[in-house]
Amino acid sequence: MSKRYTITAALPYTNGPIHIGHLAGVYIPADIYSRYLRSQGHDVAFICGSDEHGVAISLKAKKEGKTPQEIIDHYDALIRSSFEAFGISFDNYSRTSRAIHHKTAQEIFQVLHEKGVFEEKTTAQLYDPEAKQFLADRFVIGTCPICQNQEAYGDQCESCGSSLNATELINPQSTLSGAKPEYKETKHWYLPLDRYSEFITKWILEGHKNDWKPNVYGQVKSWVDSGLQPRAVTRDLDWGIPVPLIDATGKVLYVWFDAPIGYISSTKEWAEKIGKDWKPYWCDSETQLIHFIGKDNIVFHCIIFPVMLHATGQYILPENVPANEFLNLEGQKISTSKNWAVWLHEYLEAFPQQQDVLRYVLIANAPETKDNDFTWEEFQARNNNELVAIFGNFVNRVFVLTHKYFEGRVPDLKTLYPEDNLTLASLQTIPIQYSESVEKFRFREASQHLIQLARVGNKYLADTEPWKLIKTDPDRVSTILNTALQLTTALSILSTHILPFTSEKLQKMLRLNSKIDLWNSLISGKELLSPNHQIEMASLLFEKIDDAQMDFQREKLKNTEKGAASISLSIAPEKPNIDPKVFNELQLKVGQIIAAEKVPKTKKLMKLSLEVGQEVHSVVSGIAEDYEPELLIGKKVTWLSNLASRTLKGVESKGMILLGENEEGKLVFVSPEDSNTHTGLDIN
RNA sequence: CGCGAGGUAGAGCAGUGGUAGCUCGUCGGGCUCAUAACCCGAAGGUCGCAGGUUCGAGUCCUGCCCUCGCUACCA
């Protein structure tokens, strides 16, 4: 029976291009699922769009001396075209900067406001008087009151790991202008999540205990157990959707309030274009709503957005939120700022017409249950050993044999032997297993069922050996090749979701004209190609990828990483001049490390014994992530000796070892002769 | 620190109480229609560690270790 589905894929944020992590985590699974549902005859709206609001874009614009509009136009165009070229089959890809979205988001805000859902609160927040802006915690830096790190953020000190309030920082500074933030009162609207705790508990914790993924369920449970808090849904900012109330000038909707509404406005835009009613896709309880996201988005899609939808009293809730974990690249976290990524638009240029290879590799190794690693070595191996050797080679064998023995016409099916029946049976059983996997969002498993079908084909040919029988029993060969051709056709149907470009090419080679109901013919065991049907000459579906190409990609990664490093090799801004007396108050000495050990239960802290003249002092330093204890022994360092002692994690620390942070984010000791340092390095 | 997920052959994964499995890689053999492709076979695991429950534990319980993530702006 045909059902209605609304499938959403996380809105990409338009401050950077799309990389393989986005694809493996969200877009390829969502695309496969949508294509699958369509081939089953379901009514599918596969919805996405660019997320174009928020502080990050406004900041990036300021930094690059552009307008936010220029930034979003650039990335929206890039993202849009690379999705298109990659075959992500969105029914609509919109933008949150469009009028229809502004209107939709404001309407939903209005509805919630009129229903009295929001709480209004006036609080004092940090304000930058020079930039004339309120500051998010992240945009205030200052000295950590706990470890004296001078670059602690308003919410957390990354050196000692303590969580902080921006108010606790010593000498707070705005990262926008360098000005000293002051307090200013401001009014905001809060979504009282705490009042919906029971709703979330019943709906997810009780209702979806067994059908949602453990990582998603666990995350939600963790939020609910720790007590949901009211959350502000407005911000004082100049970039975003204006809050549609008279007493809210200068305020915009919080980006996380407006972004998920983008799914709805994108659906509206699509429905208008094709003359449909959008409402059933969001308001009809028969519709299945599925959100594809990455794990960092769980709270928004499982708690905040559903509460918003629920509170309006008009919308349906997601049936499932199959969030994936993260993909690493060559053993390291993918990082946009460090340029450690494989960008989709660059892949498309480097590997033209090979979209399916990346689709296959990423889905075969999708981070479904835990973080996974993408390596070019694996990319090459999967292409050469699976797509080329198993899938492509089987198809090629069948085409070559059919032309060699039957002039490219499908031969008759004569007497069926047990091995023929066995093979034909798998044309039904494998698609059924494949379907089960897809319906459970187990795409990695589904890709293995697909390749399994090609394996069955290779084995069938190896077992029956038609090239030997042709001399003695041409009738038998006729049956074998008919069977092999049915299998090839089945392969072209089963691969439509994961390998859409390949599937299309193969169907052209087979001259498969009617595309209607291919899936049904497949699982009902109908004859897929009739005798005497003429097929095209063989052409290769996949090509081998050689070592040189892979070396080139690996080299490129290294170089772009270096390139990014040289850009970020920035010189810290000058601080105001100080009185020489202040400097004289600092006591700096050279010390030598004579012992080092990690402080237990911490990530970064290392306990060092420092020999200074005749004395030995104990100093705790946040360098454990960058240095092995053994390598530190014997090292001479610059030591600030008259900093008041303090105790970190139960270990007394006297003074402070001077360190700089280099372009790779690695802490280096201040020894100007060292190759790790560069001129202009900020010492602290 | 708290919370969540993960830790199973060289690599990537499946396996929720009953003789440890799949794919890739490795080694050996077969085949020659095919993109030096394909098919068969073998080697390779104290299932993170330590206790416990049970006739029986990868699977349940307890403690610990390691990796990743979340802690409210990175998929």
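In what follows, every heavy atom counts, from backbone to side chain, and hydrogens, waters and symmetry copies are set aside. Chain letters run A, B, ... following the sequence lines, proteins first and then strands; every chain starts at 1.
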Take the protein atom [atom1] of [X] and the nucleotide atom [atom2] of [N], then report the distance between them rounded to whole Å.
X	N	atom1	atom2	result
Phe399(A)	C33(B)	CZ	C1'	15 Å
Asn393(A)	A36(B)	CG	C1'	11 Å
Asn458(A)	A36(B)	CG	C1'	15 Å
Asp373(A)	G10(B)	CG	P	18 Å
Gln433(A)	C22(B)	CD	P	15 Å
Leu401(A)	C31(B)	CG	C1'	13 Å
Leu487(A)	C33(B)	CG	P	21 Å
Tyr460(A)	C33(B)	OH	P	18 Å

So, [X] versus [Y]: side-chain donor-acceptor pair below 3.5 Å or not?
X	Y	value
His53(A)	Tyr13(A)	no
Tyr460(A)	Asp420(A)	yes
Asn365(A)	Arg382(A)	no

Using the [atom1] atom on both, measure [N] against [M] and round to a whole Å.
N	M	atom1	answer
C66(B)	G48(B)	P	16 Å
G12(B)	C65(B)	C1'	24 Å
U16(B)	G41(B)	P	26 Å
U19(B)	C24(B)	C1'	26 Å
G4(B)	G18(B)	C1'	32 Å
U59(B)	A43(B)	C1'	27 Å
G45(B)	A5(B)	C1'	24 Å
G58(B)	U46(B)	C1'	12 Å

May I ask you to say what [X] touches in the nucleic acid, namely base, sugar-phosphate or nothing, with a heavy-atom cut-off under 4.0 Å?
X	answer
Leu541(A)	base
Asn365(A)	sugar-phosphate
Ile293(A)	sugar-phosphate
Ile451(A)	nothing
Tyr27(A)	nothing
Leu23(A)	nothing
Val388(A)	base
Gly21(A)	base
Ala389(A)	sugar-phosphate

Determine whether more than 12 heavy atoms belonging to other residues, nucleotides or ligands lie under 6.0 Å from atom [atom1] of [X].
X	atom1	answer
Lys221(A)	NZ	no
Lys121(A)	NZ	yes
Glu64(A)	CD	yes

Considering every strand shown, what is the Watson-Crick or G-U wobble mate of [N] when both distances are under 3.5 Å?
N	answer
U53(B)	none
G6(B)	C66(B)
C27(B)	G41(B)
A14(B)	none

Practice task
Among A34(B), U71(B), C39(B), find the nucleotide with the atom closest to the side chain of Trp223(A).
Solution key: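 The closest nucleotide is U71(B).
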
Handout entry: Selected nucleotide, minimal atom distance to Lys459(A) side chain, candidates C33(B), C40(B), U35(B)
Key =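 In terms of side-chain proximity for Lys459(A), the closest of C33(B), C40(B), U35(B) is C40(B).
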
Exercise for the section: For ring-ring contact (aromatic ring centres under 6.0 Å, His included), just list the numbers for Phe300(A) and Trp256(A), CA-CA rounded to whole Å, side-chain angles, deciding distance to a tenth of an Å, and then say yes or no. Expected result: CA-CA 7 Å; Phe300(A) 297 104; Trp256(A) 267 110; 3.8 Å; yes

Practice task
Please list, by residue number, the residues of residues 468-485 of chain A whose heavy atoms come closer than 4.0 Å to an atom of RNA chain B; answer none if no residue qualifies.
Solution key: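 Within this stretch, Lys468(A) sit under 4.0 Å of the strand.
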
Handout entry: Footprint string (nucleotides 57-62 of chain B, 5' to 3'): B base within contact, S backbone only, - free, heavy atoms under 4.0 Å
Key = ------

What's touching nucleotides 4-7 of chain B from the protein side, N or O pairs under 3.5 Å?
| residue | atom | partner | partner atom | Å |
| --- | --- | --- | --- | --- |
| A5(B) | O2' | Thr369(A) | O | 3.2 |

Could you go through nucleotides 23-29 of chain B and list every protein N or O atom that sits under 3.5 Å from one of its N or O atoms, giving the distance for each pair?
| residue | atom | partner | partner atom | Å |
| --- | --- | --- | --- | --- |
| U23(B) | O3' | Arg455(A) | NH2 | 2.6 |
| C24(B) | OP1 | Arg455(A) | NH2 | 3.0 |
| C24(B) | O3' | Asn385(A) | ND2 | 3.1 |
| G25(B) | OP1 | Asn385(A) | OD1 | 3.3 |
| G25(B) | OP1 | Asn385(A) | ND2 | 2.9 |

Exercise for the section: Kindly confirm or rule out a cation-pi arrangement of Arg80(A) over Tyr93(A), judged by NZ or CZ under 6.0 Å from the six-membered ring centre and within 45° of its axis? Expected result: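 Cation-pi check for Arg80(A) and Tyr93(A): fails.
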
Exercise for the section: Identify whether NZ of Lys or CZ of Arg in Lys213(A) sits under 6.0 Å from the centre of the six-membered ring of Phe441(A) and within 45° of that ring's axis. Expected result: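 No; the conditions do not both hold, so Lys213(A) does not lie above the ring face of Phe441(A).
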
Practice task
Any salt bridge (Lys or Arg N to Asp or Glu O under 4.0 Å) involving residues 9-34 of chain A? Give me the pairs, sequence neighbours left out, ordered by first then second residue.
Solution key: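 Salt bridge (Lys or Arg N to Asp or Glu O under 4.0 Å) check on residues 9-34 of chain A returns Asp31(A)-Arg35(A), Asp31(A)-Arg359(A).
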
Handout entry: For Arg455(A), all residues meeting salt bridge (Lys or Arg N to Asp or Glu O under 4.0 Å), sequence neighbours excluded
Key =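 With neighbours one apart ignored, the set is empty.
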
